Protein chains: 2
Amino acid sequence: MRLSTKGRYGMRAMLALARRYGEGPVPLKEIAEGEGLSEAYLEQLISELRKAGLVRSVRGAQGGYFLGREPATITAGDIIRVLEGPIGPVQCVVEIPGGEVCDCAEYCVERILWERLRDSIVQVLDGITLADLLIEERKLAPANSGLERGCQQN
Amino acid sequence: MRLSTKGRYGMRAMLALARRYGEGPVPLKEIAEGEGLSEAYLEQLISELRKAGLVRSVRGAQGGYFLGREPATITAGDIIRVLEGPIGPVQCVVEIPGGEVCDCAEYCVERILWERLRDSIVQVLDGITLADLLIEERKLAPANSGLERGCQQN
DNA sequence: AACAATGTCGAGTGGATTACTCGGGTTTGA
DNA sequence: TCAAACCCGAGTAATCCACTCGACATTGTT
């Protein structure tokens, strides 16, 4: 039940972009260096986020990436779904836009458990936006606001 | 963010044992056949559950496995922890019996998100016992109580 | 026009993990 | 004594993860 690096790195990259929302495009190199991530790998992730519309890009010199929407309208769930796929502890109860997967839904008790778990995960993830996290961040360590690099372990 | 087969199969096996709680040892073969699982693989899983005290065994002919405690005192969280390891979406906020792992806890916002997610998962998993699920099961399909095999997809 | 700084894309790869299987024990009731 | 069970450790094919690499396209600057 762990997130892969895609979800973790993606969240960090999005937070990095959120911190600089409104300042124009941020080059990949800066994000990668700031977060201590491989540029080539991060590119893959941010490419998926771009295709999903969560970030936008400007090509060429002085180009870079920026958030596709306001930080207050992007939830953790949006990011995780793009990078880790539909949310759900088992394939059977994964969020699918309309349509059940499991054909034993009638009599399967485990399903009840997994659905409750999924709902609770979704509720947390969809209940927190990038803007919320930025506010928390300011509360956390006002002194650290000039911090160069993010947490190297998440 | 998916459970592995260990957690899924383990939950099914424990539910199978819970259904027959008080009836003496159930041979592995019966559980495996009833749930449509490989006997050899299930043995590995149940062995871990046994070492953790969640199930007990009787060796020799007429032997088998049975729950180590009453179904009402075994939670889904107990089972998942044994088979999937400590609960937590990222290594950094995994449940460890006393002791932090992450050394940037002071200024890491992601951590707040992951902790909230972990707590919500733990709350669901620790809030449901095998006895609860048996009750739900009876509500679900009283007609199906003579069902031979469980859901083949979970 | 040339160049350098950027983003875009697809393929490849080593290592870890998963989901098993297999074979050889030991224990115990009939 | 035998067969039905549990016990244990090793092995393995397939998959997935976490990247790397190389070639190309776009654009501001000089």
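Proteins come first, then strands; the chains are lettered A, B, ... in the order of their sequence lines, and each starts at number 1. Given the structure is predicted, the values throughout are model-derived calculations rather than measurements.
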* Asked: Would one find a side-chain N or O of B:R2 under 4.0 angstrom from OP1 or OP2 of D:dC17?
  -> no

* To do: Return no unless some side-chain N or O of B:R50 is found under 4.0 Å from OP1 or OP2 of D:dC7.
  => yes

* **Side chain of A:Q62 (C-beta onward), nearest among C:dA5, C:dA30, D:dT29** => D:dT29

* A:S57 side-chain N/O to C:dT8 phosphate OP1/OP2 under 4.0 Å -> yes

* SB check B:E35 B:K29 (cutoff 4.0 Å) -> no

* To do: Test for a donor-acceptor pair under 3.5 Å between the base of C:dT21 and the side chain of B:E43, counting only N and O atoms.
  => no

* **Earlier contact from the 5' end, DNA chain C, for A:A61 and A:S47** => A:A61

* Over how many whole Å does the gap from A:E35 atom CD to D:dA18 atom P extend? -> 17 Å

* Indicate whether OP1 or OP2 belonging to C:dT18 is found under 4.0 Å from a side-chain N or O atom of B:S4. => no

* Asked: What is the distance from CG of A:L28 to C1' of D:dT26, rounded to the nearest Å?
  -> 16 Å

* **Comparing A:R8 and B:V26 on DNA chain D - which has the more 5′ nearest nucleotide** => B:V26

* Distance in angstrom units between A:E48 CD and C:dG10 P, rounded -> 12 Å

* So does B:Y65 get a side-chain nitrogen or oxygen closer than 4.0 Å to the phosphate oxygens (OP1/OP2) of D:dC7? -> yes

* Asked: Can you tell me how far C1' of C:dT6 sits from CD1 of A:I31, to the nearest Å?
  -> 12 Å

* Asked: Is there a donor and acceptor pair, one atom on the side chain of A:E39 and one on the base of D:dT20, closer than 3.5 Å?
  -> no

* To do: Check whether any side-chain heavy atom of B:R8 lies under 4.5 Å from a side-chain heavy atom of B:I80, and answer yes or no.
  => no

* To do: Take the protein atom CE of A:M1 and the nucleotide atom P of C:dT17, then report the distance between them rounded to whole Å.
  => 18 Å

* Could you tell me whether A:G63 contacts a base, only the sugar-phosphate backbone, or nothing, with contacts defined as non-hydrogen atoms closer than 4.0 Å? => sugar-phosphate

* side-chain contact (heavy atoms from CB on, under 4.5 Å) between B:V26 and B:Y65, intermediate numbers included -> CA-CA 5 Å; B:V26 183; B:Y65 297 94; 5.7 Å; no

* Asked: Roughly how many Å is it from CG in A:L83 to P in D:dC16, rounded to a whole number?
  -> 18 Å

* State whether a side-chain donor-acceptor pair under 3.5 Å links B:S120 with A:S120. => yes

* For atom CD of B:Q91 and atom P of D:dC17, their distance in whole Å -> 17 Å

* Hey, which sits more toward the 5' end of DNA chain D by its nearest nucleotide, A:Q44 or A:V58? => A:Q44

* Does a nitrogen or oxygen in the side chain of B:Y41 sit under 4.0 Å from OP1 or OP2 of C:dC22? -> no

* Ion pair A:E48/A:K51, N-O distance below 4.0 Å -> no

* May I ask you to say whether B:R116 pairs ionically with A:E136, meaning some side-chain N is under 4.0 Å from a carboxylate O? => yes

* Structure fact -> A:K29 NZ to C:dT8 P, in whole Å, measures 17 Å

* Asked: C:dT26 base to B:R59 side chain: any donor-acceptor pair below 3.5 Å?
  -> yes

